[in-house]
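Encoded as structure tokens, the structure appears first; notes follow it.
Counting begins at 1 with the first residue of the sequence.
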Amino acid sequence: SERKLNASIIAKIPAGLTTLHLPGSFYGSIDPNLFSKFTNITDFQLGRGGGAYFHPDGNNGNTPLPNIHDTCTTYTAYNNDFRSIASSSGDNKNIKELPNLSYLHISGNYYLGDGSFSIASPDINYINLASTGLPIPNLAGKIQLQTAYMHYMRSNGGLFSGNTYKFNNCSALETLYLYATNIGGRFPRFTNVNLRYLEMRYTSVVGGYKNSAGQEIVDHVIHEDTFRDCVNLQTFYVNSNNLLTAPIATNAFTFTPALRNLMYRSNGRTTGAIPNLNVCSNLRYLNLYNNAFSSGTPNLQSSLNISYVNLSYNKLSGQIPAYRNLSNLSQLYLHNNKYTGLSEFSNLPNLRYFYCHNQFTDGAPGISGQIPDFSSCPRMYYLIMYNNSFTSYKTGAFESLYQLKYLDISNNELSSQALEQIIEDLYSNYTTTPRGGVTVNLKNAMISGATLPDPTLDKIVLLRAKSWTVILQ
């Protein structure tokens, strides 16, 4: 049958070709040395986006990836069901021993395993081992390597081979993508001067620091030398339930001036102060959700292009900074902390979402004092401030928020006069820009025993008649 790739089909193909692409064309397994006649081949591709695929069929035990002549520089076999790597046979090499291999893409072979997996070629430039059972190979010193996709890999291990960082001195490496890969252990010193994208979400990395001598330092979860060589790093994402219960070194990010995107989540384990980010003038995205940071809320005045900030679910205390002149800031999430004060913002023309609710973490008293003026945030859409201890309101604070969709100041300690003024301002807001579909939650917003006068209640009735949802006690 010609639905299975075999010697009779190969016999019909000219031996002198340099490129052979067979994506989604055949079923079953392949004799590992079936392609031995192609002694000039450089580009060999069995990768597929759909259709037929190579898989176990009772022949060719362990369904090996086929060998190819040592002239091959590009090898793909992604999205098949190969399960092993055959031994080389003369000039017919397996992927580990191809001497000039520069491009290797074998992702999606879920059961593919080889406990001694390695890459001999000094020319490897691109490698994709995603969704396989292979271990991360030691690629130290591969100075041509630019891209390493190693996500969803199930083999246990870390970023070290003995005391050697597996990508040590890969000076061209730009992308190291380890999303949801089963790696643990320490952070190395990332000796990759061109590294731009480092993805470590949903791993089991522990953190701390291991140097080339094998010394392990665990006083900081990210050591001051971890990114010392990463002057081009733009994106660093990490999320692990195993990260050390320790702080990040204050100057851990003082060597990353190109940093644009930082996401760090320890699920309540990382303590101490938020590290110094003042050198990160290109920062756009800052997500430090769900740690145990207790101080160091950044004012972001050195990151004027910031658009997203999430510091929620920490233990940050004191005053929320007076954020100002951040023209791109659209989302600011500071809820579930221990803040006690809220400064007035200025010139935040694109802020759409501001959350500062639930400031009662570990019995903290919540944000008290005056609700400040938000008129410098004219595009505010969601303003969430419930479960605090606000007592007063600055007249006009909400009046000009003409794009407001949801306001929640429930469970506070406002005086009746403050709530009267809030409703007066919201009514003025509506009459200036009539619209429906706005929700205002005022449940338990006043101190116990306070009441609203009839004219104020009448304005609430009028707003409800205009399709506003206004929730009172």
Side-chain angles (χ1 to χ4, degrees), residues 115-119 127 129 134-143 145 148 150-151 153-233 235-256 259 262-267 269-273 275-276 291-292:
S116 61
F117 184 68
S118 60
I119 296 292
I127 184 168
L129 308 177
L134 294 169
I136 296 174
N138 184 359
L139 298 172
K142 306 289 188 184
I143 61 174
L145 182 65
M150 299 187 174
H151 44 296
M153 293 175 67
R154 304 184 310 283
S155 183
N156 292 326
L159 291 174
F160 289 88
S161 176
N163 294 329
T164 301
Y165 164 46
K166 290 181 178 179
F167 299 90
N168 190 44
N169 293 327
C170 292
S171 54
L173 185 64
E174 295 182 0
T175 299
L176 180 54
Y177 198 88
L178 301 164
Y179 183 93
T181 282
N182 192 24
I183 59 167
R186 307 293 178 211
F187 288 122
R189 178 168 177 164
F190 289 96
T191 55
N192 313 111
V193 295
N194 282 300
L195 187 64
R196 286 167 169 75
Y197 197 107
L198 177 58
E199 169 64 87
M200 301 184 74
R201 283 178 291 178
Y202 303 103
T203 63
S204 298
V205 65
V206 174
Y209 182 72
K210 185 176 180 178
N211 62 25
S212 58
Q215 181 186 13
E216 298 193 15
I217 304 171
V218 296
D219 52 346
H220 292 103
V221 65
I222 300 180
H223 187 270
E224 63 182 7
D225 287 339
T226 299
F227 296 117
R228 186 173 289 270
D229 302 309
C230 298
V231 294
N232 292 300
L233 186 66
T235 298
F236 173 50
Y237 295 151
V238 63
N239 177 1
S240 170
N241 291 326
N242 296 336
L243 286 163
L244 291 172
T245 303
I248 296 174
T250 300
N251 58 345
F253 294 98
T254 59
F255 308 101
T256 58
L259 193 66
L262 174 60
M263 197 283 270
Y264 180 94
R265 187 178 303 171
S266 67
N267 297 314
R269 299 177 66 84
T270 298
T271 59
N276 187 341
N291 296 289

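- A 4.5 Å side-chain heavy-atom check between E199 and L178 finds every atom pair outside the cut-off.
- Between the side chain of R269 and the main chain of L243, a donor-acceptor pair closer than 3.5 Å is present.
- In plain terms, the two heavy atoms of T175 and L195 that are nearest each other are N-CD1, 4.3 Å.
- N267 pairs by the side chain to side chain contact (heavy atoms under 4.5 Å, CB included) definition with N239, N241, R265, N290, not counting sequence neighbours.
- Residues Y209 and H220 form no side-chain contact, since every pair of their non-hydrogen atoms from C-beta on lies 4.5 Å or further apart.
- What you find for T203 and M200 is that their closest heavy atoms are OG1-O, 3.0 Å.
- Under the 4.5 Å side-chain criterion, counting only non-hydrogen atoms from C-beta, P137 is in contact with M150.
- In summary, the side chains of D229 and T191 do not present any donor paired with an acceptor at a separation below 3.5 Å, with no hydrogens or angles considered.
- Annotation: side chain of M263 is in contact with side chain of R201 (closest heavy-atom distance under 4.5 Å).
- Summarising the local packing, CD1 of I143 is surrounded by 12 or fewer heavy atoms from other residues, nucleotides or ligands at distances under 6.0 Å.
- Here L173 contributes atom CG and N168 contributes atom CG; the two are 11.5 Å apart, rounded to the nearest 0.5 Å.
- A donor-acceptor pair is defined here as one N or O able to donate and one able to accept, closer than 3.5 Å; such a pair exists between the side chain of R186 and the backbone of G207.
- Relative orientation of the F190 and Y165 rings is perpendicular, given thresholds of 30° and 60° on the angle between their planes.
- A249 and E224 get closest at one heavy-atom pair: CB-N, 3.7 Å.
- Residues K210 and N163 are in side-chain contact: their nearest non-hydrogen atoms beyond the backbone lie under 4.5 Å apart.
- For R196 (side chain) and N194 (main-chain N/O), a donor-acceptor pair under 3.5 Å exists by modelled atom type.
- The backbone N or O of V205 lies less than 3.5 Å from a partner atom in the side chain of S240, making a donor-acceptor pair.
- N182 places no side-chain N or O within 3.5 Å of a backbone atom of S155 that could act as its donor or acceptor partner.
- Closest non-hydrogen pair, L129 versus P135, comes out as CD1-O, 4.4 Å.
- If you take CG on N169 and CG on L145, they are separated by 12.5 Å, rounding to the nearest 0.5 Å.
- Taking 4.5 Å as the limit, some side-chain heavy atom of F167 sits within range of a side-chain heavy atom of I136.
- Aromatic pair Y264/F236: centroids not less than 6.0 angstrom apart.
- One N or O on the side chain of K142 and one on the backbone of I119 form a donor-acceptor pair closer than 3.5 Å.
- To the nearest 0.5 Å, the span separating CZ on F253 from OG1 on T226 amounts to 8.5 Å.
- When every heavy atom of G272 is checked against every heavy atom of P247, the shortest pair comes out as CA-CB, 4.2 Å.
- A donor-acceptor distance shorter than 3.5 angstrom exists from the side chain of N291 to the backbone of S266, with no hydrogens or angles considered.
- Nearest heavy-atom pair, F227 versus F255, reported as atom, atom and distance to 0.1 Å: O-CB, 3.6 Å.
- Summarising the geometry, atom OH belonging to Y202 is positioned 12.0 Å from atom OH belonging to Y237; distances are rounded to the nearest 0.5 Å.
- With T181 contributing its side chain and M153 its backbone, the two residues share a donor-acceptor pair below 3.5 Å.
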Check: Does the pair L176 and N192 meet the rule for a side chain to side chain contact (heavy atoms under 4.5 Å, CB included), with working shown?
Finding: CA-CA 10 Å; L176 180 54; N192 313 111; 5.6 Å; no

Next item on the list: Test side chain to side chain contact (heavy atoms under 4.5 Å, CB included) on N251 and N276 and set out the steps.
Entry: CA-CA 6 Å; N251 58 345; N276 187 341; 5.9 Å; no

